[in-house]
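Below is one structure, written out as structure tokens; comments come after it.
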Amino acid sequence: MKRFVYADNAATTKISDAVLDSMLPYLKEHYGNPSSIYSIGRDAKIAVENARKQVAEALGCEPREIFFTSGGSEADNWAIKGAAYAQKAKGKTHIITTNFEHHAVLHAVQALEKEGFDVTYLSVDEKGLISPSQVADAIRDDTALVTIMYANNEIGTILPIAEIGKICREKKVLFHTDAVQAVGHVAIDVKEQNIDLLSLSAHKLHGPKGVGALYCRKGVVIRNLIDGGAQERGKRASTENVAGIVGLATAITESTEHLEENAKKMAAMRDRLIGHILKIDRTRLNGDREKRLPGNANFSFEGVEGESLLLMLDLSGVCASSGSACTSGSLDPSHVLLAIGLPHEVAHGSLRLSVSEYNTDEDIEYICSIIDGIIERLRAMSPLWERIVKEGKES
Amino acid sequence: MLYSEKVMEHFSNPRNVGEIEDADGIGEVGNAQCGDIMKMYIQVKDGLITDVKFKTFGCGAAIATSSMATELIKGKPIEDALKLTNKAVIEALDGLPPVKVHCSVLAEQAIKTAIADYYTRQGIDPTPIVGDISDACDACHLH
């Protein structure tokens, strides 16, 4: 029987009941501007400051080190451009990143490159990992910033952030990590891991869209990205998205409190998907098998194109995503899949299934019950598959 | 990006999928690198395309345009099939998102390539009849 299965939690998540309940009062009753002096403004201000404490607690930092933003992309842009401009004043214009970052990081860095910054793009290996020594080797006297994602959004690999943080701290280089996919899913302690700047987003952990945060370690100077009023201690103008900020705080507290049990549940579902799907002929798992997010499974099916696969899944009620060119709106398949060395035609046939703790064993069973037939159907009409099979027989 | 109901209908129930074993003409366009390959088989009798089948590796629009294009030429004289434009395929599908227009170009070219192959097999130079079939990949780079 057809059912609805949401398996695209790396794209966004369903807002939790507790999150929505916590937000509503700040839309309906305490709608005041936190900068205003009267009571409903003060209520809003208190809510924002309590939210800051909650986020700080989840990351292991002080509330004054948390700045609310409009989302992960803004936090990334602010951290990278803000740090780069501040470091440039000290004559440091070299940036280190990887070749499989989210576009919010990659395009921010490329914008700086056009302005004259020198960028080193570390290449990830075929498993979607980098080694701390790659970072150590790339650091120069004029290195302004190292920006490396905590966990990859497409293939789910988790990078050695603590090791990289240690190297950067020893060499006195600023270290930013885009942790949008990791927060709430893996244990993070910014102090222990020597992280200077960290970006996060609410809607990846059952919070609302349009709100995120930047952790900026005390003493780290970054230039403002949004000028205007004196909100966020004069560092980020714009009237606070109070309900969104409260929602973010509820979401991050909820997810960090239940992190272990949720991760265990998600990993079990993920492993079941991997176990089943890898039995399909000429199918591979993208990204390291062990060092990956509990909810991420990413596959490539030879001879199949990703978008038609997604449409077929959608017709059966399953929401997923792909790194094919047709879904990216460009001519090339995902830069992440190319970075791990997949040939174009294999990258076109990728499928990302990302589960959350809201998924059930029945969901997984349902995906497993329909996927074989869909792949078979698409391959039956694929001239590429016909060629692959023929070549396979000949060799 | 939104597909019309017609596109989704042809995607979910594509017409004329398969191969013709003793085809009179076969045309294959596109490449795996770009993510689209269309292969068309035609059977011709007395100047009429009596049967047509296709196999496509590609996105939803690629499959839907292949299906629609085969529908539009089945049972038609070769001259009519040669007049089929990608625009006519798009119209018949109630439109395509702009980034998917190249799929319709691919479908038009697949038909022309199959017809050219038919003429070549007959010992007739196809170029004066079918015209010069530009590289299908050029269509991708137009947008």
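Below, chain A is the first sequence line, B the second, and so on; all start at residue 1. Keep in mind that what you see is a predicted model, and the values were worked out from it rather than measured.
In this structure, His348(A) contributes its side chain and Gln33(B) its backbone to a donor-acceptor pair below 3.5 Å.
Between chain A and the options Ala61(B), Ala62(B), Ser66(B), Ala32(B), heavy-atom pairs under 4.5 Å are most frequent for Ala32(B). When each of Ser382(A), Pro343(A), Pro383(A) is scored by its heavy-atom pairs under 4.5 Å with chain B, the top score falls to Pro383(A).
The local environment of CD in Glu362(A) is crowded, with over 12 non-hydrogen atoms from other residues, nucleotides or ligands closer than 6.0 Å. More than 12 heavy-atom neighbours from other residues, nucleotides or ligands sit within 6.0 angstrom of NZ on Lys209(A). At most 12 heavy atoms of other shown residues, nucleotides or ligands fall within 6.0 angstrom of atom CD in Glu376(A).
When heavy atoms are compared at a cutoff of 4.5 Å, Arg379(A) does not approach chain B at all. Only the side chain of Ile63(B) comes within contact range of chain A, judged by heavy atoms closer than 4.5 Å. Proximity to chain B is absent for every atom of Val346(A), based on heavy atoms less than 4.5 angstrom apart. Contact annotation for Leu315(A): only side-chain heavy atoms (C-beta onward) come within less than 4.5 Å of a heavy atom of chain B. For Ala380(A), the part lying near chain B is the backbone, with the side chain staying farther off; criterion is any non-hydrogen pair under 4.5 Å.
Taking CD of Glu28(B) as the reference point, atom CZ of Arg387(A) lies at 4.5 Å (rounded to 0.5 Å). Atom CE of Met8(B) sits about 6.5 Å away from atom CG of Asp314(A), to the nearest 0.5 Å. Rounded to the nearest 0.5 Å, atoms CD (Glu386(A)) and CZ (Phe57(B)) are 13.5 Å apart. Between atom CZ of residue Arg377(A) and atom OG of residue Ser12(B) there is a gap of 7.5 Å, rounded to the nearest 0.5 Å. Taking OG1 from Thr56(B) and CG from Leu378(A), the interatomic distance works out to 11.0 Å, rounded to the nearest 0.5 Å.
Here the closest non-hydrogen pair linking Gly60(B) and Glu307(A) is N-OE1, 2.8 Å. In terms of heavy atoms, Ser308(A) sits closest to Gly58(B) at OG-O, 2.9 Å.
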